[in-house]
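Note sheet for the following structure.
Letters go in sequence order (proteins before strands), and every chain restarts at 1.
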There are 2 protein chains.
Amino acid sequence: MAPAEVKALLFDVFGTTVDWRSGVTRAGEELERRKGEDLRGVDWAAFADAWRAEYRPSMDRVMRGEIPWTNLDGLHRASLEALLRRFGISELSEEEKEFLVCAWHRLDPWPDVVEGLRRLRRRYIVAPLSNGNVALLTDMARRAGLPWDLILSAEWVRRYKPDPATYLLLPRLFSLRPGQAMMVAAHPDDLHGARRAGLRTAFVPRPLEFGPGGPTQPAEGPFDVVAEDFVELAERLGA
Amino acid sequence: MAPAEVKALLFDVFGTTVDWRSGVTRAGEELERRKGEDLRGVDWAAFADAWRAEYRPSMDRVMRGEIPWTNLDGLHRASLEALLRRFGISELSEEEKEFLVCAWHRLDPWPDVVEGLRRLRRRYIVAPLSNGNVALLTDMARRAGLPWDLILSAEWVRRYKPDPATYLLLPRLFSLRPGQAMMVAAHPDDLHGARRAGLRTAFVPRPLEFGPGGPTQPAEGPFDVVAEDFVELAERLGA
C-alpha cells in the first residue's frame, strides 16, 4: 500500500511509460522505405540511441544558461543535424526532418501502461511529469490512449528535471504537501530528484528500455515502492 | 463545417460547459442540511448569483495590479467573506468555507457536454480555456468525466481572460497559427477577446446559465459557428 496521504502520481514518460527506442527506430525505417536508396543501411536503433544520448547534455546546456529556454522538440530538432551528419544521412527535406522530430510524439506505451493507468486513475490524480513539451505529451496521449488527468511538463516551469520546481509543480497547483505526490520512474536519478524535493517515489524498472541485452538501471533505492510494471503498481497502491 | 485549418477547440467552462448556478446552489443546500437551524432561509440561488457577480471584479483587481496574482480558488475564498456577511451567515468553520469554495470544483456539465466532447475529441484537440485554476478544472473533469486532452487555464500564464496571452497559450505550445484554434463559449465577450487574438469562434448559447427566466446573452456576432449545444457543434464541425 502507498502511504495513505498520497493523492497524485506523477509519471516519467520516456522509458518509463513509453518505449522511445522502438518508436524512433520505426520512424527511421519508415523514412527509409519512403526514400529508398539514399537511406539504405542506416542502423536506426543505433540512431535512436545516439539521439537519446544527446537528451541530457542538451537540457544541461539550457539549465546552465548557455542557450535560452528551448523545449524538447526544439532540442531534438537542434541535435538532429549533427546526428544526421554522423550517420552519413544527407538531403533530408525540412518535412522529413520534422517527421523524425515528431517520432518522439508517436511512441508506444509498454503493454501494461494503459491498463495500469486506468486503474490508478480511479484512486489517484495521474499525470505525466516529463521533460517532453506539452504538445508532444498531448499528441502522444491522444495517439496511445494514455488516460492522464492533466498534462504536466517541464515546459510549464521552463526548468528541466531534476530541478525541484518541476517536482513541486503539482503540489503547488493542488495545494498539497510534496509528500502527497509520488513520482513513478524507471530511472533512479529522477526518483532521487523527486525525493530531494520531498515527494514519495516508486521505481518501475524497464529492462527493455535500451533494447534486448541493453544496459539496465540498477535499483539504487531507497524508494517507497518498487513494482514490476504499472499493473503491479496499481495493486501495490490499492487501486 | 469548420474552417479546414482548425486543429484545436478551446472551451470556456463556467456557464458554457458546466452549470455553476445549480452546483453552487446545491452545495449551499447541502451545508444547510448539515448545519440545520443556523442556515435556514438562505436563498442559495441568490447566493450563487451574488458570488458569481464578484467573479469579474475580483479578476479585474488582479489584472489592474491592485492585488498580486491570485488563482480563482483564492479569489472565491476572498469574496466569500463579504458574501457571508451580506447573507447574514455567520459561524461557518474554515472547513465549511472550504466546502463552499470547492463547490466550484464539483459542478455538473450541461447534458450534451460529455457526448459532444467525446465526438469532437476524435477530430480535434479539446481543452478547457478557463479562468478557473488548474486544480479546479482537473477535479471537475475527474468528477464529471470531461474527456479533455489537456487542462489549459489562465493560471498557466497568470493572466485572466480576455488577456490575449490566455487565448494564444495553445497556439504557442502547439506551434499553430491563432486561426488554427477555435474558442467555444456562451459569452460573446469571451469570443470577442478570442477573435481579437486571431482565433476562430463558436457561440453556444446557454439560456439556463442564470436559471429559468434569467438573463440570456445576446448573440452579438460575428462568430464563425453558432450551435445550440456541443452535440450540434460536433455535427457542424464534422466530428
A:Arg142 and B:Arg123: which non-hydrogen atoms are nearest, and at how many Å? NH2-C, 4.2 Å
Take atom CZ of B:Arg206 as the centre, draw a 6.0 Å sphere, and report whether it contains more than 12 heavy atoms from other residues, nucleotides or ligands. yes
What residues of residues 91-121 of chain A make heavy-atom contacts with chain B at a cutoff under 4.5 angstrom? A:Arg121
Atom pair CG (A:Leu173) and CG (B:Leu136), whose distance is rounded to the nearest 0.5 Å: 12.0 Å
Proximal to chain A - members of residues 148-158 of chain B, heavy-atom separation under 4.5 Å: B:Asp149, B:Leu150, B:Ile151, B:Leu152, B:Glu155, B:Trp156
Sorted by number, residues from residues 127-135 of chain A in contact with chain B (heavy atoms, under 4.5 Å): A:Val134, A:Ala135
What part of B:Arg172 gets within 4.5 angstrom of chain A, counting heavy atoms only: side chain, backbone, both, or neither? neither
Inter-chain contacts: residues 50-82 of chain A against chain B, heavy atoms under 4.5 Å: none
Applying a strict 4.5 Å limit to non-hydrogen atoms, the region of A:Leu176 in contact with chain B is neither
